[in-house]
Structure formats: C-alpha cells, structure tokens
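Note sheet for the following structure.
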Amino acid sequence: MAVDGCGLVCKYFLIIFNIIFAVVGFAFLGLGLWLRFSGSTRLIFQIQEFNSSAFVVGVTVLIALGVLMLIVVSFGDYGACNEKRCALQVFSCLVAVMAGAEIGFGAVAYSRSDAVGLQIAEFYTTIYMLYVKSGDPAIGLTLKSVHELLHCCGLTGVSLVEVVKETCPKPDGFWENIAMPSCPTTIANIFERRAPLVMGIFLGTAALLITALVCSTILLKQLKRLHQNITAHYTTVY
C-alpha cells in the first residue's frame, strides 16, 4: 500500500526519528555495558553494599533505556518502512509510555533538583575514585570530558593536592591556577540553579516523542483507510 500527502511526510519523519533514536539507544547501551563489564568497574556490582549506589543505579538505567529505545526503533522502523499497522500500533503504545515517563521524570527532576544533583555528584565521585584506583585511560577520558564540559577539576579543585589534575581543563585566570571549582559542588549547583533548563530538556524530549506519536497515528489512519478501500474494491469486483 502506498501512502501520500501527510501520510508520506509522517512516514519519512518516523524513519528519520527512528534512525536518530537508534544511534542514541546504541550509545546508551554501549556505555552502560562498558561500565557494567569493564575490568575497572565490574567489582562494584559484586559488592552487596554498592547495589543501591548512584553508580549502579545509573548504569542499570543506561542499559535498560538503551534496550527499550532499540525495541521502540525496531517496531517503528519496521512499521514505517513496510507500512505495517500492527507494528505501528505497538510503536505508538511504547512511545506514549515513554512520553509520559519523560514528563513524570522531568517533574520529579524539577521538584527535587537538589536531590537529583546530589545523586549525579555521587555518580561522578564513583567514577573519580575508580580512575584514582585503576588509572584506566578510558575512565580518564570520561573524567576529562566531564571536566571540560563543566569547567571543574576533581573533588577538591586545588592544584597542589588534586590527584587527577592531568584530566582538568586549562585554568581561566590567575586564581584558577591555585584552585578551580570542584566537580561535585559544580554538579549539585547546576541542578539547583538550572532546574527549569533540566525540566525543559525533559519536556522537549517528550514533545518530540509526542510528535512521533501523532505521525504514527496519522499514518495508521491512512493505512487503515487504504486497507478499507482495497477491501471494498475486491468485494465489489468479486
């Protein structure tokens, strides 16, 4: 069955949406699996006391989210490319659930921005300690990326005592040669000061998911109408 007009636009939008979604899903899943099974981090998951830590929870969420996104992509691309109504119906249900979850998580992140910031800071601290103990270059690259992004330096920021200063960004001004902002404090402050921005990111993602849901619904209606027309044609002929 061939769709046209708005249905065709929605079909190609869904294809592009699912390609982007697949790239992000693979990135989340790959990062989560690497953090879960890397020789430097595997022991954390084997220690009972750490099972509820922000690091373990964060890695588990990354893996689960990556798998869920790839499942959504599978139904979405198959349904859009092959114009399969059943696959599009499953895709629509999954996208609706994810959009609702995005709005819910955004509201929680906004209302509890201080607690969320502390959890992310704890996640950073775990990565920091792993690098100090193992010296793993991959973890060092992760730290360097965080430091460059947030313009902070380790747990203390003090150049004389900071043990990971080789991963820190270039000091900006005279005083930063002595002490830069510490990363846990910077992370916590970002979530407290920019809670509306965090909420906006969640709502923006939810809006994108809702757009995909609308396109899927439009495509489903057009496919249903085409199916009815074909059925009516064959009924008339035979």
Side-chain angles (χ1 to χ4, degrees), residues 13-14 16-29 31-32 35 52-66 68-69 72-73 76 92-128 142-157 167-173 175-176 179-217:
F13 172 83
L14 288 176
I16 295 171
F17 168 84
N18 282 295
I19 290 173
I20 297 172
F21 221 54
V23 172
V24 177
F26 275 119
F28 283 170
L29 181 60
L31 178 60
L35 290 173
S52 61
S53 71
F55 181 81
V56 173
V57 173
V59 171
T60 304
V61 168
L62 276 177
I63 295 173
L65 185 58
L68 177 60
M69 291 176 73
V72 171
V73 165
S92 297
C93 291
L94 292 173
V95 167
V97 171
M98 291 186 70
E102 284 285 341
I103 295 172
F105 288 140
V108 171
Y110 180 80
S111 61
R112 301 187 59 191
S113 57
D114 53 344
V116 173
L118 290 175
Q119 289 292 315
I120 301 299
E122 182 186 337
F123 184 90
Y124 167 84
T125 302
T126 304
I127 296 290
Y128 175 96
T142 303
L143 274 183
K144 185 175 178 63
S145 300
V146 172
H147 293 162
E148 294 284 351
L149 178 65
L150 301 179
H151 194 72
C152 60
C153 183
L155 294 184
T156 66
T167 66
C168 295
K170 185 178 179 180
D172 184 13
W175 290 111
E176 286 196 353
M180 296 184 69
S182 71
C183 289
T185 303
T186 300
I187 292 170
N189 288 340
I190 284 175
F191 273 85
E192 289 182 17
R193 292 197 313 266
R194 301 185 182 178
L197 176 61
V198 175
M199 179 68 169
I201 292 172
F202 276 104
L203 292 181
T205 306
L208 182 61
L209 290 169
I210 291 171
T211 303
L213 178 60
V214 171
C215 279
S216 178
T217 303

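Keep in mind that this is a model prediction, so the values were computed, not measured.
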Heavy atoms, side chains only, cut-off 4.5 Å: are [X] and [Y] in contact?
X	Y	answer
Met98	Phe21	yes
Tyr124	Val146	yes
Phe28	Ile63	no
Leu29	Leu62	no
Pro184	Thr125	yes

Checklist entry - Taking only residues two or more places apart in sequence or in another chain, which ones pass side-chain hydrogen bond (donor to acceptor under 3.5 Å, both in side chains) with Ser145? => result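 side-chain hydrogen bond (donor to acceptor under 3.5 Å, both in side chains) list for Ser145, sorted by chain: empty.
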Checklist entry - Ser182: what forms a side-chain hydrogen bond (donor to acceptor under 3.5 Å, both in side chains) with it, not counting sequence neighbours? => result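 Applying side-chain hydrogen bond (donor to acceptor under 3.5 Å, both in side chains) to Ser182 gives Thr185.
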Checklist entry - What is the minimum heavy-atom distance between Val72 and Asn18, and which atoms define it? => result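 Closest heavy-atom pair between Val72 and Asn18: O-OD1, 4.0 Å.
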Item to check | Residue pair Ala188 / Leu118: nearest heavy atoms and the distance that separates them | outcome: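 Reported closest heavy-atom pair: CB-CD2, 4.5 Å.
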Checklist entry - Taking only residues two or more places apart in sequence or in another chain, which ones pass side chain to side chain contact (heavy atoms under 4.5 Å, CB included) with Ile210? => result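 Residues passing side chain to side chain contact (heavy atoms under 4.5 Å, CB included) with Ile210: Ala99, Val214.
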Checklist entry - When you measure from the side chain of His147 to the backbone N and O of Cys153, does any donor-acceptor pair fall under 3.5 Å? => result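 No; judged by distance alone, with no hydrogens or angles, the pair does not exist.
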Next on the checklist: Going by disulfide (SG to SG under 2.5 Å), name the residues that satisfy it together with Cys215, two or more places apart in sequence or in a different chain.
Outcome noted: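 Here no residue qualifies.
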In Å and rounded to the nearest 0.5 Å, what is the [atom1] to [atom2] distance from [X] to [Y]?
X	Y	atom1	atom2	result
Leu155	Tyr128	CG	OH	4.5 Å
Glu102	Leu209	CD	CG	6.0 Å
Ile103	Thr205	CD1	OG1	10.5 Å
Leu208	Leu213	CG	CG	11.5 Å
Met180	Trp175	CE	CH2	15.0 Å

Checklist entry - Excluding sequence neighbours, so at least two apart, what forms ring pair (Phe, Tyr, Trp, His ring centres under 6.0 Å) with Tyr110? => result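 Not a single residue meets the ring pair (Phe, Tyr, Trp, His ring centres under 6.0 Å) criterion with Tyr110.
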Next on the checklist: Show every side-chain hydrogen bond (donor to acceptor under 3.5 Å, both in side chains) that has at least one partner inside residues 207-217, sequence neighbours left out.
Outcome noted: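 Those involving residues 207-217 are Ser92-Ser216.
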Checklist entry - Cys168 and Cys152: sulfurs closer than 2.5 Å? => result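 No, no disulfide: SG-SG not under 2.5 Å.
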Checklist entry - Within a radius of less than 6.0 Å around CZ of Phe105, do more than 12 heavy atoms belonging to other residues, nucleotides or ligands occur? => result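 Counting neighbours around CZ of Phe105, 12 or fewer heavy atoms of other residues, nucleotides or ligands fall under 6.0 Å, so no.
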